[in-house]
Amino acid sequence: MLITLYSLNKYYRMGKTNFHALKNINLEIKQGEFIMIMGKSGSGKTTLLNILGFLDKFNSGKYIFDGKDVSNISENMRSEYRNRYVGFIFQQFNLIHSLNIFQNIELPMIYNREKVSAEEKRKRIMSSLEAVGLGDKANSYPNQLSGGQQQRVAIARALVNNPSIIFADEPTGALDSETSRDIMTVLSNLNKQGKTIIMVTHDEDLTTYASKVIRLKDGQFLTEV
Ligand SMILES: Nc1ncnc2c1ncn2[C@@H]1O[C@H](COP(=O)(O)OP(=O)(O)OP(=O)(O)O)[C@@H](O)[C@H]1O
Ligand SMILES: [Mg+2]
């Protein structure tokens, strides 16, 4: 099992009270699955994704990642796990507009402690770009690309450290339906090459791409998984 959660709870501090955002979540995810997380706004989807992707902590329960208990790891270890195992894609692409495409994709490598020669770096960046069909855009700037192309760059950036999991929080939320399908094709191909994909979406039509759909309501799973 790649990921196992046991009775995980997450509270957000709201002044003097706590908001119970995730309630006794149990979950198992295998390497190579394509999971979609659905549910109304505020149901806890992003909260769950951020915890699974080592961006956020939780209050009780257990998180086992690749056989190791990562429930109480330090902030440093969390960023280590993030760099080594995880790529993130967001609705708003989150590209840096003052950097060109090559430099945007290079960013996660700068934070990676692995020693990589300049030539190897260039190769990895170009092969990530080619994997999303944008090998000719290395010198362009984000504002010279369409929304769909910018999201492809964000996918290339997520791929550059060769993660085993890609987390995508509404990656098609800002795109029209045709461009959304292009992005889904890219994600689907990555999944076929062995990447585990965990994606949040509001779009029922996209669930055909998933190997499993998880539905959240008020911080709880609607269907037991
Ligand atoms: N930093 C925070 N502090 C306090 N409450 C928060 C915080 N982040 C999220 N919440 C609350 O936790 C609940 C779950 O939020 P979350 O962002 O996970 O929802 P979501 O399912 O991703 O919604 P959306 O579809 O709108 O993105 C919401 O009620 C939200 O208001
Ligand atoms: Mg969200």
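FYI, the numbering just counts along the sequence from 1. As the structure lists them, so they are numbered: ligands from 1, and atoms in each ligand from 1. These numbers come from the heavy atoms of this one structure, side chains and all, not from hydrogens, waters or symmetry mates.
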Could you list the atoms of ligand 1 found under 4.0 angstrom from a heavy atom of [X]?
X    : result
G44  : 14 (C), 18 (O), 19 (O), 20 (P), 21 (O)
H202 : 25 (O)
K40  : 21 (O)
M14  : 4 (C), 5 (N)
T47  : 14 (C), 15 (O), 16 (P), 18 (O)
E170 : 25 (O), 27 (O)

Residues, nucleotides or ligands: over 12 heavy atoms within 6.0 Å of K62 NZ
no
Y6 OH: over 12 foreign heavy atoms closer than 6.0 Å
no
Can you check atom 6 (C) of ligand 1: any protein non-hydrogen atom closer than 4.0 Å?
yes
Checking contacts now, so for atom 29 (O) of ligand 1, which I'm interested in, is there any protein heavy atom under 4.0 Å?
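Flag for atom 29 (O) of ligand 1 set to true, protein heavy atom closer than 4.0 Å.
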Is it the side chain (CB and beyond), the backbone, both or neither of R13 that lies under 4.0 Å from ligand 1, heavy atoms counted?
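None of R13 does.
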Hey, are the side chains of [X] and [Y] touching, using non-hydrogen atoms and a 4.5 Å cut-off?
X    : Y    : value
Y209 : I197 : no
L52  : I165 : no
N59  : K10  : yes

Considering G42, G219, A21, which one's heavy-atom position lies nearest to atom 14 (C) of ligand 1?
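It is G42 that holds the nearest heavy atom.
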Verify whether one side chain among D203 and T201 offers a donor that lies under 3.5 Å from an acceptor in the other.
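Side-chain D/A pair, D203 to T201: absent.
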Just by distance, no angles: are the side chains of K195 and N189 close enough, under 3.5 Å, to form a donor-acceptor pair?
no
Carefully, step by step, assess E119 and R122 under the rule salt bridge (Lys or Arg N to Asp or Glu O under 4.0 Å).
CA-CA 5 Å; E119 178 53 22; R122 199 193 62 81; 3.6 Å; yes
Using 30° and 60° as the class limits, which term best fits the ring planes of F65 and Y63: parallel, tilted or perpendicular?
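Taking Y63 first and then F65, their aromatic rings stand perpendicular (interplane angle over 60°).
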For [atom], find the nearest protein heavy atom and state the residue, atom name and distance (0.1 Å precision).
atom                    : result
atom 9 (C) of ligand 1  : Y12 CE1, 3.3 Å
atom 26 (O) of ligand 1 : S41 OG, 2.6 Å
atom 17 (O) of ligand 1 : T46 CB, 3.7 Å
atom 25 (O) of ligand 1 : K45 NZ, 2.8 Å

How about T46: does one of its N, O or S atoms come closer than 2.8 Å to the Mg ion (ligand 2)?
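Looking at T46, which is the residue asked about, there is an N, O or S atom under 2.8 Å from the Mg ion (ligand 2).
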Taking only Lys NZ, Arg NE, NH1 and NH2, and the carboxylate oxygens of Asp or Glu, determine whether E75 and R78 approach each other closer than 4.0 Å.
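Salt bridge flag = yes for R78 with E75.
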Can you find an N or O of G39 that's nearer than 3.5 Å to an N or O of ligand 1?
no
